[in-house]
Amino acid sequence: MNETFGNFDYIIVGAGSAGCVLANRLSTDPDISVLLLEAGGDDNYFWIRVPIGYLYTQNNPRTDWCFKTENEAGLNGRALNYPRGRVLGGCSSINGMIYMRGQARDYDGWRQLGNPGWSWDDVLPYFKRSEDNVAGADEFHGQGGEWRVEEMRLTWEILDAFRDAAAEIGIPKIDDFNRGNNEGCGYFRVNQRRGVRWNTARAFLRPAMNRPNLAIVTGAQASRVRLVGRRAVGVDFVKDGRPRTVEARGEVILASGSIGSPHLLQLSGIGPSALLQQHGIPVVHELGGVGENLQDHLQIRTIYRVANTRTLNERANSLIGRIGMGLEYFLFKRGPLTMAPSQLGCFAKSDPSRETPNLEYHVQPLSLDKFGDPCHGFPAFTASVCNLRPDSRGTVRIKSADPAAHPAIRPNYLAVDSDRRVAAAAIRLTRRIVAAKALARFTPEEFRPGAQLQTDDELAHAAGDIGTTIFHPVGTCKMGADAAAVVDARLAVRGIGGLRVADASIMPTITSGNTNSPTIMIAEKAAEMIRADRRATVAAQ
């Protein structure tokens with residue numbers, strides 16, 4: 001029998017990018033009791049603080065779930081590591097720290113899909129509310145919030161030249177990607193404070209930890225949402241090897257991300273009935289969209305050897321270079337150890353018919369065969385490019401009724417012809433940029449995928465060989481009014497009382513850029529809706 005853990009007004013499952021925001025905002029009301037459950041541990045790990053530490057936090061069971069995809073046909077049979085944060089702060093503790101909202105058209109599209117209150121004009125105030133932008137407040141940006149946004153603390157000659165080359169072929173130089181249309185090329189802004197990673201645990205959770213109405217339990221693996229009829233009444237979880245139960249007087253809020261939230265719903269008997277029955281889980285509520293609609297950005301990692309300049313490859317492969325980088329960071333909080341995985345961004349169109357940019361570049365002054373491998377022994381840069389709005393859709397589905405068993409993750413990359421055409425066009429556009437005069441003095445030579453590949457079929461196949469996730473899974477509990485929607489516009493699970501989802505899984509379509517800050521916006525808006533619904537309920541009593 002499960003040990004009883006007590007009862008709370010709200011139980012939040014997952015202390016990641018969304019969960020930390022929800023815990024902060026809901027617990028500001030002293031009359032509301034909040035429990036935050038996190039399967040991982042504390043974020044007091046050295047490599048979380050150091051920006052370059054993502055190299056040591058991803059694929060590390062201390063901080064990462066260490067998921068893998070299934071073998072992907074679109075990747076020519078390869079499976080990928082699929083990092084997801086398992087620590088306070090979640091993915092904001094292990095990600096690339098890039099501050100990006102997407103495009104106004106993304107959110108206007110959500111509204112058009114039957115989600116009132118989610119247009120660009122509706123969501124912009126929530127972005128601004130939590131923002132603390134180093135450049136100050138204006139029409140599009142906020143200052144004084146919890147979510148710190150700063151400029152990169154280093155530049156590279158080869159990246160400056162890439163930016164000049166992009167301008168030569170008509171991609172303008174811009175300084176701000178977050179004003180509604182991000183077309184252009186410039187350095188990313190990052191979620192750091194003076195050269196140190198700024199995750200949601202430090203930004204939102206630390207200031208709230210001493211509130212008497214907020215309880216935080218780490219090492220707590222949720223196993224199912226407890227349901228009485230069609231209402232959520234609590235959560236079962238395992239802590240220190242012992243099964244426990246906690247009751248919710250108000251609501252259970254899932255904030256476990258695009259892998260964790262659909263997985264927990266399925267374990268709880270909410271999802272596609274055939275899948276649940278296959279694994280011996282009683283069907284409480286048939287909801288076919290749970291775990292469907294997975295979308296992710298596949299980055300195609302084109303690499304160019306260069307000459308007449310220095311890149312990070314040389315410094316990283318030199319003992320003296322590594323010592324110098326370490327000293328530069330620990331003495332001045334500058335240099336390569338402050339680097340996000342990508343420094344230069346570029347948003348462009350794969351063809352002129354596009355209304356807004358559908359490609360995003362992450363340009364890096366380094367190269368390697370795959371993430372986690374050592375840098376190449378020659379100077380090079382990587383121009384990773386992804387299709388911002390893929391048409392392919394994947395799935396997250398349980399493999400077992402055992403909550404500890406990882407689900408089957410199938411992103412289904414490059415599954416449709418339109419995505420394969422965009423992949424080929426993206427490689428061709430990269431070649432146009434690299435052939436511009438601004439890069440000529442560095443004599444760039446295509447190392448991956450290889451200049452000998454010329455046809456669309458060859459390039460699309462090559463994209464499957466060199467493509468990898470850029471860690472932006474969304475959409476598996478999508479918001480909407482259609483039959484496949486899992487939550488409504490107030491993020492309530494359709495057909496179940498007292499249960500919401502508030503994380504990246506609710507996105508009906510993926511945003512046109514990095515997805516961490518949109519997830520924070522979702523949590524901001526969710527918290528406000530939850531509190532408004534509570535006030536309405538109290539007033540009606």
Note to self: Determine whether the aromatic ring centres of residues Phe127 and Phe140 are separated by less than 6.0 angstrom.
What the structure shows: no

Notebook entry, point to check: Going by distance alone, is a donor N or O of one side chain under 3.5 Å from an acceptor N or O of the other, for Thr356 and Gln103?
Noted result: yes

Margin query: Please determine whether side-chain contact (heavy atoms from CB on, under 4.5 Å) holds for the pair Thr469 and Leu298, giving the CA-CA distance in whole Å, both sets of side-chain angles, and the decisive distance to 0.1 Å.
Written below: CA-CA 5 Å; Thr469 178; Leu298 179 73; 5.9 Å; no

Next item on the list: Identify the heavy atoms of Pro357 and Leu388 that sit nearest to each other, and give their distance.
Entry: O-CD1, 3.8 Å

Next item on the list: Answer with yes or no whether the side chains of Asn24 and Glu146 bring together a donor and an acceptor at under 3.5 Å.
Entry: no

Notebook entry, point to check: Is a side-chain N or O of Asp488 found less than 3.5 angstrom from the main chain of Leu491, in a donor-acceptor match?
Noted result: yes

Check: Taking atom types as modelled, is there a side-chain donor on Ser223 or Asp236 under 3.5 Å from an acceptor on the other?
Finding: no

Margin query: For Trp147, is there any backbone N or O sitting under 3.5 Å from a side-chain donor or acceptor partner on Trp198?
Written below: no

Margin query: For the residue pair Thr395 / Arg410, report whether a side-chain donor-acceptor contact shorter than 3.5 Å exists.
Written below: no

Item checked: Partner of Leu37 under side-chain contact (heavy atoms from CB on, under 4.5 Å), chosen from Val252, Thr218, Val217 -> Val217

Note to self: Using every non-hydrogen atom in the two residues, find where Ile300 and Ala463 come nearest and quote the distance to one decimal.
What the structure shows: CD1-CB, 3.8 Å

Next item on the list: Please check if any side-chain donor atom of Arg389 sits under 3.5 Å from a side-chain acceptor atom of Ser512, or the reverse.
Entry: yes

Note to self: Quick one: does any side-chain atom of Gln58 pair with a main-chain N or O of Thr63 as donor and acceptor, under 3.5 Å?
What the structure shows: no

Checklist line | Step-by-step ring pair (Phe, Tyr, Trp, His ring centres under 6.0 Å) determination, Phe188 to Phe177 | finding: CA-CA 8 Å; Phe188 290 120; Phe177 290 124; 5.7 Å; yes

Notebook entry, point to check: Taking only residues two or more places apart in sequence, or in another chain, which ones meet Tyr187 in a ring pair (Phe, Tyr, Trp, His ring centres under 6.0 Å)?
Noted result: none

Margin query: Run Arg490 and Met529 through side-chain contact (heavy atoms from CB on, under 4.5 Å) and show every step you take.
Written below: CA-CA 7 Å; Arg490 297 191 73 77; Met529 291 189 294; 3.5 Å; yes

Next item on the list: Determine whether the side chains of His297 and Asn514 contain a donor N or O and an acceptor N or O closer than 3.5 Å.
Entry: no

Next item on the list: On the 0 to 90° scale, with breaks at 30° and 60°, tag the Phe237-Phe5 ring pair as parallel, tilted or perpendicular.
Entry: perpendicular

Margin query: Whether the side chain of Arg393 engages the backbone of Gln295 through a donor-acceptor N/O pair (distance < 3.5 Å, no angle test) should be reported.
Written below: no

Next item on the list: Give a yes or no answer on whether the side chain of Asn199 reaches the backbone of Arg202 with a donor-acceptor pair at less than 3.5 Å.
Entry: yes

Checklist line | Distance-only side-chain donor-acceptor flag, Asp43 / Ser93, under 3.5 Å | finding: no

Item checked: Between Thr200 and Ser92: side-chain donor-acceptor atoms closer than 3.5 Å -> yes

Item checked: Considering all heavy atoms, the nearest Ser258-Val474 contact -> OG-CA, 3.1 Å

Notebook entry, point to check: Should Tyr45 and Tyr56 be marked as a ring pair (Phe, Tyr, Trp, His ring centres under 6.0 Å) after you check the CA-CA gap, both sets of side-chain angles, and the distance that decides it?
Noted result: CA-CA 10 Å; Tyr45 181 39; Tyr56 307 102; 8.9 Å; no

Next item on the list: Can you establish whether the number of heavy atoms outside Asp482 located under 6.0 Å from its atom CG is more than 12?
Entry: yes

Next item on the list: Answer yes if the side chains of Asp122 and Ser119 hold a donor-acceptor pair under 3.5 Å, and no otherwise.
Entry: yes

Notebook entry, point to check: How about Thr28 and Arg531: does a side-chain donor come under 3.5 Å of a side-chain acceptor?
Noted result: yes

Next item on the list: Could you check Asp503 against Lys525 for salt bridge (Lys or Arg N to Asp or Glu O under 4.0 Å), going step by step and ending with a plain yes or no?
Entry: CA-CA 11 Å; Asp503 56 33; Lys525 185 170 170 59; over 6 Å; no

Next item on the list: Given side-chain contact (heavy atoms from CB on, under 4.5 Å), test Thr476 with Glu292 step by step and report yes or no.
Entry: CA-CA 5 Å; Thr476 49; Glu292 304 298 299; over 6 Å; no

Notebook entry, point to check: Looking only at atom types and distance, does a side-chain atom of Arg78 sit under 3.5 Å from a main-chain N or O of Gly467, one as donor and one as acceptor?
Noted result: yes

Next item on the list: Show the numbers, then the answer: is there a side-chain contact (heavy atoms from CB on, under 4.5 Å) between Thr338 and Ile52?
Entry: CA-CA 6 Å; Thr338 69; Ile52 201 74; over 6 Å; no

Next item on the list: Determine whether the side chains of Asp9 and Ser33 contain a donor N or O and an acceptor N or O closer than 3.5 Å.
Entry: yes

Checklist line | Under-4.0 Å salt bridge between Glu131 and Arg101 | finding: yes

Check: Side chains of Asp121 and Tyr107: is there a donor and an acceptor less than 3.5 Å apart?
Finding: no

Next item on the list: Please confirm whether the backbone N or O of Asn95 pairs with a side-chain atom of Arg197, one donor and one acceptor, at under 3.5 Å?
Entry: yes

Notebook entry, point to check: Judged by modelled atom types alone, do Ser392 and Asp419 share a side-chain donor-acceptor pair under 3.5 Å?
Noted result: yes

Check: Does Glu38 reach the main-chain N or O of Gly14 with its side chain, forming a donor-acceptor pair under 3.5 Å?
Finding: no

Note to self: Between Tyr126 and Glu528, do the side chains contain a donor N or O and an acceptor N or O under 3.5 Å apart?
What the structure shows: yes

Next item on the list: Say whether Asn293 and Lys478, considering side chains only, have a donor N or O and an acceptor N or O under 3.5 Å apart.
Entry: no

Check: Any Lys/Arg nitrogen of Glu3 or Lys239 sitting under 4.0 Å from an Asp/Glu carboxylate oxygen of the other?
Finding: no

Checklist line | Backbone of Ala404 reached by a side-chain donor or acceptor of Asp402 within 3.5 Å | finding: yes

Notebook entry, point to check: Taking atom types as modelled, is there a side-chain donor on His362 or Glu360 under 3.5 Å from an acceptor on the other?
Noted result: yes

Notebook entry, point to check: Do any N or O atoms from the side chain of Ser17 and from the backbone of Ile520 form a donor-acceptor pair under 3.5 angstrom?
Noted result: no

Check: Considering all heavy atoms of both residues, which atom of Met152 and which atom of Gln343 are nearest to each other, and what is their separation?
Finding: CE-CA, 3.3 Å

Check: Do you know which two heavy atoms are closest between Ser130 and Glu524, and how far apart they sit?
Finding: CB-OE2, 3.0 Å

Item checked: Arg84 to Trp65, cation-pi by 6.0 Å centre distance and 45° axis angle -> no

Check: Which pair of non-hydrogen atoms, one from Cys20 and one from Gly89, has the smallest distance, and what is that distance?
Finding: SG-N, 3.9 Å

Checklist line | With sequence neighbours excluded, residues passing salt bridge (charged side-chain N to carboxylate O under 4.0 Å, His left out) with Asp296 | finding: none

